[in-house]
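Have a look at the structure below before the remarks.
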Amino acid sequence: MPDTGERLSKRVMQLKGCSRKEAEQYIEGGWVRVDGALVEEPQHRVDHQTVTLDPEASLMELTAVTLVVNKPAGHTDGLDEPGRKKAPPDARQLLTAAHHWSTDPSGQRVLKRHFQHLEADVELETGASGLVVFTQDWRTTRKLSEDMATMEHEYLVEVQGEVAPEALKPIGYALKDPRLTLPAVKVSVSSSTPEMSRLRFAVKGSHPGLIAYLCETAQLQMLGIKRVRLGRVSLADLPAGQWRYLAPWEKF
């Protein structure tokens, strides 16, 4: 970054006739270019360069964003303290422009400010893959916190061998056992072959370790677990290790 000249925000103030705060918002909103290159840092120094403001520039888009991530198995869920050194990789490491899903249907422009002040709101076992959420929006955080106990989590679980519906009866017995006080769970066989079967679990609330326990109860050997839906938000076709924006029409 140049260390001579004036702050970019000051130049934008002159161009737009706006306040310093508004100038900084235009820059952080991805509306300002210096010699044709997008610059998102208000403190960037300019001298004789050409500074342009997009004719479509608006401060209406400066809203908090929520990111939906397809966490790979082996990554932590981002709930640990950011920057803490540990053996497993952190899902937060995927929150870069390089890991943005190229066919993200939201149409949202990727900006540097979208990777700041992100809070992880939903836990997921390190060994599991699938949907995790990072958000800047306090309303989303409140929704996920206050409604977590009643929000449905849907998982696809791969187990070894062919599984008939009758093999799930021990799970049903465990769920009805008053001594275990287990949460509400719906389970069914999604597909089955002699080599591997896929089970679909729908669980009210976040309960790490619950599905592994239920599979063990039915003597089913788990091969993998993936969360594919949280409330009304689905992972859909989002590839593993990539993220997308929560679209305006999506609600948890």
Side-chain angles (χ1 to χ4, degrees), residues 1-72 75 78 81-85 89-121 131-141 233 235-250:
M1 184 177 297
D3 56 5
T4 60
E6 62 183 357
R7 286 173 60 97
L8 179 58
S9 57
K10 184 175 180 180
R11 183 72 65 85
V12 173
M13 288 171 60
Q14 297 167 352
L15 285 173
K16 188 68 175 175
C18 61
S19 68
R20 177 174 175 174
K21 181 175 179 61
E22 289 173 332
E24 292 176 346
Q25 289 176 330
Y26 280 120
I27 297 167
E28 293 172 349
W31 299 112
V32 177
R33 293 182 178 272
V34 178
D35 284 345
L38 181 66
V39 177
E40 299 177 53
E41 296 81 16
Q43 70 274 20
H44 184 92
R45 295 283 176 174
V46 293
D47 194 354
H48 300 295
Q49 298 96 324
T50 300
V51 177
T52 56
L53 184 66
D54 193 307
E56 302 297 324
S58 170
L59 299 182
M60 298 299 293
E61 292 189 14
L62 292 177
T63 56
V65 298
T66 297
L67 311 183
V68 176
V69 185
N70 187 348
K71 181 185 86 67
H75 282 61
E81 182 180 348
R84 180 182 175 186
K85 293 183 178 180
D90 193 322
R92 286 184 181 274
Q93 298 172 5
L94 303 173
L95 304 180
T96 66
H99 291 95
H100 179 231
W101 188 25
S102 60
T103 53
D104 186 339
S106 70
Q108 174 71 55
R109 296 178 303 145
V110 178
L111 300 174
K112 292 180 181 179
R113 67 177 182 84
H114 293 161
F115 305 120
Q116 301 171 359
H117 312 297
L118 287 165
E119 182 173 340
D121 286 309
L131 195 157
V132 293
V133 179
F134 293 87
T135 186
Q136 299 172 333
D137 192 339
W138 65 270
R139 294 166 299 183
T140 299
T141 293
V233 175
L235 197 63
D237 297 325
L238 180 63
Q242 296 187 26
W243 62 270
R244 65 174 179 83
Y245 290 99
L246 184 73
W249 58 84
E250 291 184 293

Worksheet item: Is Glu40 reaching over with its side chain to a backbone N or O of Gly30, donor-acceptor style, under 3.5 angstrom?
Response: no

To the nearest 0.5 Å, what is the distance between [atom1] on [X] and [atom2] on [Y]?
| X | Y | atom1 | atom2 | value |
| --- | --- | --- | --- | --- |
| Thr63 | Gln108 | OG1 | CD | 6.5 Å |
| Arg45 | Glu6 | CZ | CD | 8.5 Å |
| Lys21 | Met13 | NZ | CE | 13.0 Å |
| Lys10 | Leu15 | NZ | CG | 13.0 Å |
| Leu53 | Ile27 | CG | CD1 | 9.0 Å |
| Leu67 | Asp137 | CG | CG | 11.5 Å |

Considering residues at least two apart in sequence or located in another chain, which fulfil the side chain to side chain contact (heavy atoms under 4.5 Å, CB included) criterion with [X]?
| X | result |
| --- | --- |
| Pro72 | His75, Leu94 |
| Ala91 | Lys71, Phe134 |
| Ser102 | none |

Practice prompt. Taking only Lys NZ, Arg NE, NH1 and NH2, and the carboxylate oxygens of Asp or Glu, determine whether Glu24 and Arg113 approach each other closer than 4.0 Å.
Written response: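 Not counted as a salt bridge, because no side-chain N and carboxylate O are separated by less than 4.0 Å.
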
For [X] and [Y], work out which heavy atoms get closest and say how close.
| X | Y | answer |
| --- | --- | --- |
| Phe115 | Ala97 | CZ-N, 3.6 Å |
| Ser9 | Ala23 | O-CB, 3.4 Å |
| Leu238 | Val68 | CD2-O, 3.5 Å |
| Ser106 | Trp249 | CA-CH2, 4.3 Å |
| Gly78 | Asp90 | CA-OD1, 3.3 Å |
| Gln116 | Gln136 | O-NE2, 2.8 Å |

Fill in: Which residues share a salt bridge (charged side-chain N to carboxylate O under 4.0 Å, His left out) with Glu250, sequence neighbours left out
Arg244

Worksheet entry | Residues which pass salt bridge (charged side-chain N to carboxylate O under 4.0 Å, His left out) with Asp104, listed by chain and number, not counting sequence neighbours | none

Practice prompt. Can you establish whether the number of heavy atoms outside Asp47 located under 6.0 Å from its atom CG is more than 12?
Written response: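 Yes, CG of Asp47 has more than 12 neighbouring heavy atoms, counting only those of other groups under 6.0 Å.
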
Just so I know, are the side chains of [X] and [Y] near enough to count as touching, which here means a heavy-atom distance under 4.5 Å?
| X | Y | result |
| --- | --- | --- |
| Val32 | Val39 | no |
| Arg92 | Leu118 | yes |
| Val110 | Tyr245 | yes |
| Glu56 | Trp31 | yes |
| Gln242 | Asn70 | no |

Item to complete: Mind checking side chain to side chain donor-acceptor pair (under 3.5 Å) for Arg33 and listing every partner two or more places apart, or none if nothing turns up?
Response: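 Not a single residue meets the side chain to side chain donor-acceptor pair (under 3.5 Å) criterion with Arg33.
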
Practice prompt. Using the six-membered ring wherever Trp is involved, compare the ring planes of His100 and Trp243 and label them parallel, tilted or perpendicular (cut-offs 30° and 60°).
Written response: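 Correct class here is tilted.
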
